[in-house]
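The structure appears below as structure tokens.
Predicted model, so just to flag it, every value in this text is computed and none were measured.
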Amino acid sequence: MFHQTPLKTFTVAAVIAALALYAILGGYFPREIVIEIALLAILAVSLDFVAGYGGMVSLCHGAIYGIGAYAFAGMTAIGGYDTVTATLVALAAAAAFGLFVGAVAANITGIFFIMATLAFGQMAYVVVFESRALGGDDGLSGIARYDLSAIGIDMNDSLQFALFCLAVVVIAYAAAAYVLRSTFGRTLSGIHSNEDRMRALGLTAWRHKAVAFSFSSMLAGAAGILAAQHTQFVSPELLVWTVSGEVLIVVILGGLGTLAGPIAGAALLVLLKHKIGAYTEHWHLVIGLFLVAAVMAGGRGVYGQIEYWLRQRAGRRADA
Amino acid sequence: MLDVRDICKNFGGLRVSRDISMHLERGERRVVLGPNGAGKTTLFNLLAGTLKPTSGEILLDGARITNLNVEQRARLGLSRSYQKNNLFEGLTVRENLALAAATGEGKTSSFFSRAHESRSVRETVEEVAEMVGLADRLDTGVAHASYGNRRQLEVGLALATKPKLLLMDEPTSGVGPGMIDAFHRLIASLPREITIVIVEHDLDLGFDVADRISVLNYGEVVFEGTPDETKGSDVVREIYLGDWQGDA
């Protein structure tokens, strides 16, 4: 069950502040890294919402991210719609896809659920890849960024865009945390803990899971909208299942079922990738070792482990 | 209140329940007894909705519920407890009861309210905790609770949805001899407006809490009567104790 503890608040605030500082003090390249972290962090929060609090481990969040990006791109670059309409349509498209996947897969458990989401994600990938209207494997370019000049923000400035992305991370986290503390979120925790019992108490569990998956997908779609604006170009690469795999790695590295951990995990993974990547091409190996260590050490992830230690200490103090 | 009409359940060629009928008045406590393999668990699952009968009808307050699934039956006021504790692990007793109470109120889907902390849910939680003797254990983590407390919570979860009909599957299963009497008193003290069906193999529970007792053997109801009639019944004695002469 989710509680917005001081440690979570502190962690999110500290990671976001550090990244903002890094973007402000750094040049173009650090800002690109911050944007990459921000997009991954939003995806990781959205995945942790369903995986960590609903027990639904998804391998199609990359595809949903791509659907959000493509819907926004198609609406602005092909349809000529304004960015607000495009945003709403993209969020709705991601949520609708999530509702469909969630409704179909809700009664499937464990590894089969993961395989079902993978299959749906691959279908979306193939559809986009084969679609001439969406540019096929050439992708789509000429995507507009938000025009926030009315409030004095220049989205074409790399620093301001990076800070905007960080703000969306905070919004996504706050939205997920809010919903997890709501009636809906508590019920979702109940399903995660004991679905059979929730049904015996009168809950239509599959419908609840489908709605949860849809909400998570909407957050993933938001990351996609930013991704489309970031490069102002979308390609089927966004929907490849390895994107989903990377998000899952981030969630596990940061701490599954902690919501704050995945944000730290995203920062850790991307920074490791770039820092180690500067020395060797084999940075995957180092990340791999890191992941193995994180899983072997109790599977709580970096943030999850810290949270665990502090709780143990608090418990000992209470006993003393 | 509850009408079971000629239900049969076959698993392939195996007839596990045969033409079972029973009629319960509102507020009645019915204990279904029978030796191992008599078809008690199957009957329980047919009533709870985890199994569908091959033939026959089940009516709750006159409405056919034969083809309804578990959650639909629950929403009509039919609640169940489990033979093996089936709790929300990792949560406290309070959080467990709040989940059941809010779900019982049908409050599960709002993104913008906090039903689990609402006054009505809190009141239900406290009321139920009082009923099952967990009032001073509300903030205990379920994982750290004693077996007896977990058993009490098992009943509490079923009560927190405020059911009309409560089905209990061997409620004293695993409870030590020192606590059996307390558990029988707990069940006997439940509010009289709740109709209760208890499936049990222990005769004493039947004698302590039942208004009427049904005895199953080989999937059939072979006896029905008050506890006193049951005590005097040759059929029941034979099923439970066997043929004394033959065994000797």
Looking at every heavy atom in both B/Phe88 and A/Ser193, which two are closest together, and how far apart are they? CA-OG, 3.2 Å
Looking at B/Thr103 and A/Gly202, would you say the former's side chain and the latter's main chain have a donor-acceptor pair under 3.5 Å? no
How many angstroms lie between atom OG1 of B/Thr92 and atom CE of A/Met1, to the nearest 0.5 angstrom? 7.5 Å
Just so I know, are the side chains of A/Thr187 and B/His116 near enough to count as touching, which here means a heavy-atom distance under 4.5 Å? yes
Under 6.0 Å from the CZ atom of A/Arg207, do we count more than 12 heavy atoms belonging to anything else shown? no
Of all heavy-atom pairs linking A/Arg199 and B/Val70, the shortest is O-CG1, 3.8 Å
About how many Å separate CG of A/Leu201 and CZ of B/Arg80, when rounded to the nearest 0.5 Å? 10.5 Å
With chain B as the partner, which of A/Leu188, A/Leu180, A/Leu203 has the greatest number of non-hydrogen pairs under 4.5 Å? A/Leu203
Calculate, to the nearest 0.5 Å, the distance between atoms CE and OG1 belonging to A/Met198 and B/Thr108 respectively. 7.5 Å
Crowding at CD, B/Glu123 (>12 non-hydrogen neighbours, <6.0 Å): yes
Part of B/Ala115 lying under 4.5 Å from any heavy atom of chain A: both
Whatever's closer than 4.5 Å to a heavy atom in chain A on B/Glu154 counts as both
Is it the side chain or the backbone of B/Glu95 that comes within 4.5 Å of chain A heavy atoms, both, or neither? side chain
CZ of A/Arg181 to CD of B/Glu117, rounded to nearest 0.5 Å, is 8.0 Å
Nearest-0.5 Å distance, CG of residue B/Asn86 to CG of residue A/Asp196: 5.0 Å
Judged by atom type as modelled, is there a donor-acceptor pair below 3.5 Å linking the side chain of A/Asn194 to the main-chain atoms of B/Leu87? yes
Among B/Asn96, B/Leu157, B/Leu76, which has the most heavy-atom pairs under 4.5 Å with chain A? B/Leu157
Sort B/Ala160 into side chain, backbone, both or neither according to what part of it lies under 4.5 angstrom from a heavy atom of chain A. neither
Hey, can you tell me if B/Phe112 and A/Tyr178 have their rings parallel, tilted or perpendicular (30° and 60° cut-offs)? tilted
Heavy-atom count around A/Phe10 CZ within 6.0 Å, excluding the residue itself: above 12? no
In terms of heavy-atom contacts, A/Ser182 and B/Ser110 come closest through OG-O, 3.5 Å
Heavy-atom cut-off 4.5 Å, strictly under: side chain, backbone, both or neither for B/Ser113 against chain A? both
Greater than 12 external heavy atoms within 6.0 Å of B/Phe11's CZ: yes
Check the surroundings of atom CZ in B/Arg75: do more than 12 heavy atoms from other residues, nucleotides or ligands lie under 6.0 Å from it? yes
